[in-house]
Amino acid sequence: MNYGFIGAGNMATAMIKGLIYAGIDSKNIYVSSPHSAAKLAANLHIQAADSETITKKCDIVIIAFLPNQLRTLGNSLNLDGKIVISVLAQVTIADLDEVFPTAFNVRSLPNINSAIAGSGPAFVLKFIDALTQAGINNGLDGESAAAIAASTVAGTTETLQKSNSDAVTLMNNVASPGGSTRAGLDNFEQNDFDTIVNSAINATVNHKHT
Ligand SMILES: NC(=O)c1ccc[n+]([C@@H]2O[C@H](COP(=O)([O-])OP(=O)(O)OC[C@H]3O[C@@H](n4cnc5c(N)ncnc54)[C@H](OP(=O)(O)O)[C@@H]3O)[C@@H](O)[C@H]2O)c1
């Protein structure tokens with residue numbers, strides 16, 4: 001069975017890696033897009049092809065371009081009798097049936113976890129940068145501040161992964177009542193740190209690809 005991806009961005013990449021991880025032979029995976037497909041295919045040892053080849057050769061076609069391209073791009077694809085899996089946010093099964101009336105259309109729900117995992121490194125890097133800036137503001141030189149900030153996050157992550165405790169328990173172990181770390185954590189609370197993080201995640205999840 002051949003799997004074809006139209007679109008080679010974040011979502012297609014995550015799904016293709018998932019298929020390979022699940023044991024699908026990479027020679028059975030095809031990808032098409034104007035710019036990124038060739039590089040992605042070379043990196044993951046899959047097949048780059050034009051969309052016409054994909055619609056001919058593949059039994060399952062995953063559409064992973066942007067939602068606003070559904071009609072313009074979709075109308076150029078002959079997906080008669082194919083299983084079409086859409087990952088397009090806010091595109092309904094009725095939309096798919098209208099554009100691909102003779103295909104077997106499947107709408108997959110946008111995966112909030114993969115939104116979070118994909119963007120998470122940028123958020124952690126943002127925190128490392130904020131720690132670095134705070135170090136500089138308190139008299140450290142830039143190089144030392146950056147090294148300390150990165151090591152602090154790396155070391156803390158390693159400790160958390162090796163321990164049987166959760167993050168809050170470890171955090172409370174580090175912050176003695178009335179101590180300097182507790183004063184810093186209280187300041188996070190006063191400034192609604194959790195709300196800021198939650199709001200950033202919501203902005204990522206709800207971002208519309210227009
Ligand atoms: N990222 C997420 O976490 C997430 C979660 C849920 C749902 N989704 C949905 O998944 C879809 C893709 O999102 P994404 O984050 O992967 O976006 P993305 O990284 O911007 O990727 C969009 C892809 O569409 C390709 N494309 C543009 N024009 C094309 C054409 N004419 N033919 C074939 N491919 C074309 C682009 O190709 P080039 O790179 O070659 O220009 C790019 O690879 C969206 O509809 C989005 O709503 C994404």
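This chain uses plain numbering: 1 for the first residue, then up along the sequence. The figures here come from the full heavy-atom set of this structure, side chains too, leaving out hydrogens, waters and symmetry mates. Counting convention: from 1, in listed order, for ligands and their atoms alike.
Under 4.0 Å from ligand 1, not a single heavy atom of Thr13 appears.
Close approach of ligand 1 to Ala115 is summarised as follows: ligand atoms under 4.0 Å from at least one heavy atom of the residue are 3 (O). Short contacts between ligand 1 and Ser33, defined as distances under 4.0 Å to a heavy atom of the residue, involve ligand atoms 33 (C), 34 (N), 37 (O), 38 (P), 40 (O). Below 4.0 Å from some heavy atom of Phe65 lie the following atoms of ligand 1, by number and element: 11 (C), 12 (C), 24 (O), 44 (C), 45 (O). Every atom of ligand 1 is numbered from 1 in the order shown, and the set under 4.0 Å from a heavy atom of Pro67 is 44 (C), 45 (O), 47 (O). In the vicinity of Ser36, heavy-atom distances shorter than 4.0 Å reach the ligand 1 atoms 38 (P), 39 (O), 40 (O). In the vicinity of Ser32, heavy-atom distances shorter than 4.0 Å reach the ligand 1 atoms 33 (C), 34 (N). Taking every heavy atom of Ile6 and a limit of under 4.0 angstrom, the matching atoms of ligand 1 come to 33 (C).
The shortest distance between side-chain heavy atoms of Ile63 and Leu70 falls below 4.5 Å. The side-chain heavy atoms of Ile46 and Ile20, taken from C-beta on, include a pair separated by under 4.5 Å.
When Ile54, Leu66, Ile63 are checked for heavy-atom proximity to atom 20 (O) of ligand 1, Leu66 turns out nearest. The nearest non-hydrogen atom to atom 13 (O) of ligand 1, considering only Gln90, Met11, Lys39, comes from Met11.
Residue Ile6 holds its CD1 atom at 9.0 Å from CG of Asp50, rounded to the nearest 0.5 Å. The structure places CG of Asn28 at 9.0 Å from CG of Asp59, a figure rounded to the nearest 0.5 Å.
Residue-to-ligand polar distances keep Ala37 apart from ligand 1: every N/O pair is separated by 3.5 Å or more. At least one N or O atom of Ala89, backbone or side chain, sits closer than 3.5 Å to an N or O atom of ligand 1. Not a single N or O atom of Leu88, backbone or side chain, sits closer than 3.5 Å to an N or O atom of ligand 1.
Distance alone, capped at 3.5 Å, places no donor-acceptor pair between the Asn2 side chain and the Tyr30 backbone.
In summary, the side chains of Thr92 and Asp95 do present a donor paired with an acceptor at a separation below 3.5 Å, with no hydrogens or angles considered.
Hydrophobic cluster membership of Leu170, counting Ile, Leu, Val, Met, Phe, Trp and Tyr whose side-chain heavy atoms lie under 4.5 Å apart directly or via other members: Leu160. Other cluster members for Tyr21: none, since no ILVMFWY side-chain heavy atom sits under 4.5 Å from it.
Ser176 approaches Arg182 most closely through the heavy-atom pair O-CB, 3.4 Å.
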